[in-house]
Engineer: 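Here it is, the structure, as structure tokens.
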Amino acid sequence: MNPLYNVNFSEAQLAWREKAHEIAVKYLLPQSMQHDKAESFNEDAFQAAADAGMLGVWIPKEYGGSDDGILGLALMVEEFSKADPAFGVAFAVNALGSLPIIVGGTHEQKAKYLPLVAQGKAACAFALSEKFAGSDAGGLSVRGTKEGDTWTICGEKKWTTNGSRANIITCFAVTDPESRSRRISAFIIEDTDPGFSIKKLEDKMGIRSVPVCETVFDGVKVGDDRLIGGKPGLGFKHSMMTLDLARPGVAAQAVGTAAGALELATTYATRRKQFGQTIAGFQMIQAMLADMAQQTEAARTLVHTCAAMADQRAPNVTKIAAMAKCFATDVAVKVATDAVQVFGGYGFMEDYPIAKYYRDSKILQIYEGTNQVQRMVIARNLIKEASRHDYLNSVIPTETQESYGAEPVTANV
Ligand code: CAA
């Protein structure tokens, strides 16, 4: 039987959600379109979130956070993203960038860096992807070489979200090119480290108010104290463990994006009149709104379950995190597309914010692992599970299976 997990929202988590809603109403709704046009970061909203202690929600108490988990993070990110999907990722990427330290760092690394993140004194970025290594995260070329006690990091990263604002960059580099499973190590890079720079700010279709950059590591020199976990070769595992915990955040961003687009479309449908009545009176519009609402609600429930499972250290978070990310982000794109349709000609223009939701939604299916990668991860896990259980054997005797041409399940993968 599949294990079941309770989803209980603590009072603290609900209070974070309330606070995120307040910030969204005060700083995101009135400013998001201007920031999108100017490609400027919403510093007011970020500062308000930092002042409220929201950057410590996923950080353990002993390192200055409130330890309200991935579920606490998901609740805040949904509220932010509902008002401005771009700010949702700008906020969530601080979790992504600090999670490698949480999952793999030494006590000293956690004690040095996590309180700064929790207090909003250091913004984070996660530098994994490269020009020639996107989905194939193991195929990196940025190199980390050691001479004496010093590591030298050389190479370029691509699509580093928040790169130009970050003070702490968790950077993944090849330290043992000959090894298959211990090829990569993760390093903590500070923005003031000589040799670190920003090469190019990307010109993007959506999330335009969030800087996404090429980051350059031109002979950045660090000691073992910056090698996450203190030992080389753990970087790929740490990156995957990080993504397992960060993908629920992208999924929450998707739920917020869908919820925001749905609310705009529903409100517009009750205002816009054609053929002498509001378009909300037409059954075809009603069916669209009803489908959008069902999909959004289903995604929200999956995201909450996934986040609660992550916080309860469920054994196979990888699979549910991939499901939540894939399902919720497909929903966001579908709902945002249908919301544009409800707005008709106005939806195609930038007069209303709905076009921005449509533009902002697309990246959700791409970053933190494309939805093709998520489906691959889900399928790999299903296949692994199927090879472990004897469901078929308990229904049909093994000899009969053999006569049908099927190998009976015996393997232990
Ligand atoms: N937890 C722990 N370990 C894991 C793991 C997990 N979830 N997944 C894999 N591993 C381990 C495996 O056990 C294996 O270990 P051994 O070598 O000891 O056996 C090792 O890692 C290699 O695993 P795979 O053989 O499964 O690796 P793969 O090369 O086939 O790749 C992949 C797997 C799932 C495709 C992975 O490369 C992947 O997730 N790619 C997508 C990358 C991605 O999400 N990038 C996003 C960048 S961040 C971003 O987008 C942020 C932003 O801008 C906001």
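Both ligands and their constituent atoms are indexed starting at 1 by order of listing. We're numbering straight along the sequence, starting at 1.
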Engineer: Could an N or O of ligand 1 be found under 3.5 Å from any N or O of Asp136, whether backbone or side chain?
Structural biologist: no
Engineer: Checking Arg165 against Phe41: charged group under 6.0 Å from the ring centre and within 45 degrees of the axis?
Structural biologist: yes
Engineer: Could you tell me whether Asp330 and Lys334 make a salt bridge, using a distance below 4.0 angstrom between a side-chain N and a carboxylate O?
Structural biologist: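 A salt bridge is absent here (no side-chain N lies under 4.0 Å from a carboxylate O).
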Engineer: Report the part of Gln372 in contact with ligand 1, treating N, CA, C, O as backbone and CB onward as side chain, heavy atoms under 4.0 Å; options are side chain, backbone, both, neither.
Structural biologist: neither
Engineer: Which residue holds the protein heavy atom closest to atom 12 (C) of ligand 1, what is that atom called, and what is the gap in Å?
Structural biologist: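 Checked against all protein heavy atoms, atom 12 (C) of ligand 1 sits closest to Lys237 NZ, 4.5 Å.
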Engineer: Under 4.0 angstrom from atom 34 (C) of ligand 1, is there any protein heavy atom?
Structural biologist: yes
Engineer: Identify the protein heavy atom lying closest to atom 31 (O) of ligand 1, giving its residue, its atom name and the separation to 0.1 Å.
Structural biologist: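 In this structure, atom 31 (O) of ligand 1 has Phe236 CZ, 4.0 Å as its nearest protein heavy atom.
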Engineer: For the side-chain contact (heavy atoms from CB on, under 4.5 Å) test, which of Val77, Thr329, Leu96 pairs with Val250?
Structural biologist: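 Going through Val77, Thr329, Leu96 one by one, the side-chain contact (heavy atoms from CB on, under 4.5 Å) with Val250 is satisfied by Thr329 alone.
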Engineer: Between Lys158 and Glu214, is there a salt bridge with N-O shorter than 4.0 Å?
Structural biologist: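 Salt bridge: yes.
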Engineer: Ion pair present between Arg300 and Glu78, side-chain N to carboxylate O less than 4.0 angstrom?
Structural biologist: yes
Engineer: Which part of Ser135 is near ligand 1, with near meaning a heavy atom under 4.0 Å away: side chain, backbone, both or neither?
Structural biologist: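 The answer is the backbone of Ser135.
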Engineer: May I ask you to check whether Phe187 and Trp151 place their ring centres under 6.0 Å from each other?
Structural biologist: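 That pair passes the under 6.0 Å test.
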Engineer: Between Arg208 and Glu39, does at least one N-O distance fall below 4.0 Å, as a salt bridge requires?
Structural biologist: yes
Engineer: Looking at Asp193 and Lys221, is any side-chain nitrogen of the basic one under 4.0 Å from a carboxylate oxygen of the acidic one?
Structural biologist: no
Engineer: Any salt bridge between Lys319 and Glu385, counting N to O under 4.0 Å?
Structural biologist: yes
Engineer: Can you pull out the closest protein heavy atom to atom 2 (C) of ligand 1? Residue, atom name and distance to 0.1 Å, please.
Structural biologist: Met241 CG, 3.8 Å
Engineer: Any salt bridge between Arg359 and Glu350, counting N to O under 4.0 Å?
Structural biologist: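 Yes.
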Engineer: Just which atoms of ligand 1 are under 4.0 Å from any heavy atom in Thr318?
Structural biologist: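 Under 4.0 Å from Thr318, ligand 1 has these atoms: 7 (N).
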Engineer: I'd like the name of whichever of Glu368, Met376, Gln253 reaches closest to atom 32 (C) of ligand 1 through any heavy atom.
Structural biologist: Met376
Engineer: Is there a polar contact, in the sense of an N or O pair closer than 3.5 Å, between Val93 and ligand 1?
Structural biologist: no
Engineer: Which one holds for Thr370 and ligand 1: side chain close, backbone close, both close, or neither close, with close meaning a heavy atom under 4.0 Å?
Structural biologist: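 Looking at Thr370 and ligand 1, no heavy atom falls under 4.0 Å.
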Engineer: Taking N or O atoms only and a 3.5 Å limit, does Arg380 qualify as a polar contact for ligand 1?
Structural biologist: yes
Engineer: Give the atom numbers and elements of ligand 1 that come within less than 4.0 Å of a heavy atom of Ser129.
Structural biologist: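 Ligand 1 atoms under the 4.0 Å threshold to Ser129: 47 (C).
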Engineer: Regarding Arg143 and Glu156, does a basic nitrogen lie under 4.0 Å from an acidic carboxylate oxygen?
Structural biologist: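 Salt bridge: no.
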Engineer: Please could you name the atoms of ligand 1 that Leu243 approaches to less than 4.0 Å, counting only its heavy atoms?
Structural biologist: 43 (C), 44 (O)
Engineer: When you check the gap from the basic side-chain N to the acidic O, do Glu79 and Lys19 get nearer than 4.0 Å?
Structural biologist: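 No, this pair does not count.
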Engineer: Tell me the protein heavy atom at minimum distance from atom 19 (O) of ligand 1, and give that distance in Å.
Structural biologist: Arg180 NH2, 3.9 Å
Engineer: When you look for heavy atoms under 4.0 Å from ligand 1, do you find them on the side chain of Val250, its backbone, both, or neither?
Structural biologist: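 The answer is neither.
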Engineer: Please report which non-hydrogen protein atom sits nearest to atom 54 (C) of ligand 1, along with the residue it belongs to and the distance in Å to one decimal place.
Structural biologist: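 Checking every protein heavy atom, the shortest distance to atom 54 (C) of ligand 1 gives Thr161 OG1, 3.5 Å.
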Engineer: Non-hydrogen atoms of Gly134 versus ligand 1: any pair closer than 4.0 Å?
Structural biologist: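 It does, in that a heavy atom of Gly134 comes within the 4.0 Å cut-off of ligand 1.
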Engineer: How does Val212 reach ligand 1, by side chain, by backbone, by both or by neither, if only non-hydrogen atoms under 4.0 Å count?
Structural biologist: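 It is neither; nothing of Val212 touches ligand 1.
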Engineer: Please say whether Tyr367 places an N or O atom under 3.5 Å from an N or O atom belonging to ligand 1.
Structural biologist: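 Min N/O separation from ligand 1 is not below 3.5 Å for Tyr367.
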Engineer: Starting from atom 51 (C) of ligand 1, find the nearest protein heavy-atom neighbour and note its residue, name and distance.
Structural biologist: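 Sorting protein heavy atoms by distance from atom 51 (C) of ligand 1 puts Leu96 CD2, 3.3 Å first.
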Engineer: Taking the basic N atoms (NZ, or NE/NH1/NH2) and the acidic carboxylate oxygens, is any pair closer than 4.0 Å for Asp84 and Lys356?
Structural biologist: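 The answer is yes: the pair qualifies as a salt bridge.
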Engineer: Does Arg182 come within less than 4.0 Å of ligand 1, judged by its heavy atoms?
Structural biologist: no
Engineer: Which residue and atom name correspond to the protein heavy atom nearest atom 7 (N) of ligand 1, and how close is it?
Structural biologist: Asp244 OD2, 2.8 Å
Engineer: Going by the atom numbers of ligand 1, which of them fall below 4.0 Å from some non-hydrogen atom of Ala137?
Structural biologist: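 Contacts of ligand 1 toward Ala137, numbered from 1: 37 (O), 42 (C).
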Engineer: If the contact criterion is a heavy-atom separation under 4.0 Å, does His238 count as touching ligand 1?
Structural biologist: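 For ligand 1, residue contact (heavy atoms, under 4.0 Å) with His238 is absent.
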Engineer: Testing the basics here: between Leu245 and Ala310, what is the closest heavy-atom pair and its distance to 0.1 Å?
Structural biologist: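 Taking Leu245 first and Ala310 second, the nearest heavy atoms are CD2-CB, 3.8 Å.
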Engineer: For Tyr5 together with His304, are the ring centres under 6.0 Å from each other?
Structural biologist: no
Engineer: Can you tell me the protein heavy atom closest to atom 36 (C) of ligand 1 and the distance?
Structural biologist: Met240 CE, 3.6 Å
